[in-house]
Amino acid sequence: MTELGTLDELPQRYIQELSDLDLVPLWPFLRGFLPYGKPERKTQPAHWSYETIRPLLMEAGELTPIEKAERRVLVLCNPGHDPEDALVTPSIYAGLQLIKPGETAPNHKHSPSAVRLVVEGNGGFTTVRGEKLPMEPGDLILTPPHLWHEHGHEGDGPIVWMDALDLPLIYNLEASYSIEGDSQEVRPGPDSSQTLYRRSGVLPYSALDNRDPKFPLLRFPWQEVKTALNDMSRGVSLGQPVRLAYVNPQTGQECMPVLGFSALMLRPGEEVLLPRRSASGLLKVVEGRGQADIDGQCFDWEQHDMMAVPTHSPVKLANRSNSQPAYLFIVDDAPLHRKLGIYEEY
Ligand code: 1HN
């Protein structure tokens, strides 16, 4: 590879003349923009312990009334980036949100896409486009771009969920904004995960004439996903990933535009290697405990812990229990990479 010229080889007067015209020469910066062989990454493999964070989140519930927070969230900040940038990875924002009984988080909509993965507590709900979606531990709730959403809590005790958004991407596109609105009118009856989309392989008949609905299913109950993983495990050899993708049931495609979601089961004592991919990700432990090796960094994980996976990282996951399965929820930006034609797996 040829050595390229540097800035200090150029006359100061010349650089100044360019600068006055809002110009720079490319060649001193070219290798930085296009590192040779593989990308340079600021994002680090990282681990957040839920047991450690939980008391601080509960303290936020004492320190800051919901009216003063709107969304009472502690944000995960990847140590390789500035904390103000609120990045888990270059495309993924994530935080832990607390709602206490009787509290509400007001109605709004925004251009970034969001999902919630319930960590603990019962009786919470999110209303999206007039549909009241129950939130039970492990459930995944989608709030797609520009859809009204608000949260409430009708149970006892705190409810905590993990928010994941494509905020960093949409913010850097200078396309991030929100609008506040009055509380939604709720359509009575159960949500469509309990009515229209109960079983894979069968759809409401009318779907045959509506092939491309954007977000037909907004709630993926954990009990259904867990049962599906347990059943799948009987058909997959040990050491091969037992992994399910959350999809739009009418198209079979990823259920959100930028971020992808999947659930992985590790059988007792099992070790699984996930291939290197161009996509970055966030792992969230739903049940169990074990170890992770992410790009050479090792972490012990417990229930509800979260881990950042930089782009192009090999990931080895091991279930350290010899009697209980472990389950992880994975957020990644693979849908974006696929749309951009840059997705790689090797
Ligand atoms: C948001 O809308 C929620 O609706 C939570 O619960 C966290 C972080 C950044 C931007 C929007 C919510 C958020 C957010």
Side-chain angles (χ1 to χ4, degrees), residues 48 53 56-57 60-61 64-78 81-121 123-137 139-155 158-184 186 191 215 218-220 255-259 261 282 284 306 308 329 331 333:
W48 290 267
I53 298 171
L56 294 165
L57 186 60
T64 305
I66 193 76
E67 300 76 28
K68 287 275 181 192
E70 220 165 276
R71 297 316 195 243
R72 194 192 285 115
V73 179
L74 295 182
V75 179
L76 311 187
C77 301
N78 189 289
H81 293 274
D82 289 339
E84 313 84 84
D85 290 339
L87 301 173
V88 171
T89 77
S91 62
I92 303 173
Y93 158 101
L96 289 171
Q97 181 163 172
L98 166 69
I99 297 223
K100 298 197 288 183
E103 289 183 340
T104 57
N107 193 32
H108 74 178
K109 60 179 182 176
H110 40 68
S111 46
S113 305
V115 301
R116 337 273 155 199
L117 197 277
V118 182
V119 175
E120 62 167 291
F125 64 89
T126 295
T127 304
V128 184
R129 190 205 32 208
E131 195 173 344
K132 185 172 176 178
L133 307 162
M135 300 177 89
E136 297 302 320
D139 289 359
L140 178 70
I141 307 288
L142 310 186
T143 56
H146 298 303
L147 293 191
W148 291 109
H149 57 279
E150 60 193 294
H151 313 295
H153 184 8
E154 292 163 338
I159 175 159
V160 176
W161 63 76
M162 184 184 82
D163 294 305
L165 285 85
D166 58 12
L167 182 64
L169 175 76
I170 307 302
Y171 179 78
N172 279 299
L173 295 176
E174 297 186 353
S176 178
Y177 73 101
S178 73
I179 294 177
E180 289 181 19
D182 294 335
S183 192
Q184 298 165 64
V186 175
D191 74 279
F215 304 103
L218 297 170
R219 173 177 178 248
F220 298 77
C255 58
M256 292 285 254
V258 173
L259 300 182
F261 312 98
L282 169 65
K284 150 82 181 66
M306 291 149 290
F329 174 73
V331 183
D333 55 9

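Remember, predicted model here, so these are calculated numbers, not experimental data. Just so you know, ligand 1 is whichever comes first in the structure, and atom 1 is the first atom listed for that ligand.
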Mind listing the side-chain donor-acceptor pairs of residues 90-98 below 3.5 Å, one per line with the distance, residues two or more places apart or on another chain?
from : atom 1 : to   : atom 2 : distance (Å)
S91  : OG     : D333 : OD2    : 2.6
Q97  : NE2    : D163 : OD1    : 3.4
Q97  : NE2    : D163 : OD2    : 2.7

Legend entry - Over 12 non-hydrogen atoms of neighbours within 6.0 angstrom of CG in D82: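 Buried by this count: over 12 neighbours within 6.0 Å.
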Legend entry - Evaluation steps, side-chain contact (heavy atoms from CB on, under 4.5 Å), between T143 and R116: CA-CA 8 Å; T143 56; R116 337 273 155 199; 2.8 Å; yes
Legend entry - Centroid-centroid distance, H149 to H108, less than 6.0 Å: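 Ring-ring flag for H149/H108: true, centres closer than 6.0 Å.
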Inset, instruction - To the nearest 0.5 Å, tell me how far E67 CD sits from E103 CD. - result: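 Answer for the CD-CD pair, E67 versus E103, is 7.0 Å.
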Legend entry - Amino acids in close contact with ligand 1, where any non-hydrogen atom sits under 4.0 angstrom away: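 If the criterion is a heavy atom under 4.0 Å, then ligand 1 touches R71, Y93, Q97, H108, H110, R116, H149, H151, D163, L165, L167.
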Inset, instruction - Decide whether E150 and S183 meet the rule of one side-chain donor and one side-chain acceptor closer than 3.5 Å. - result: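 Judged by distance alone, the side chains do pair up.
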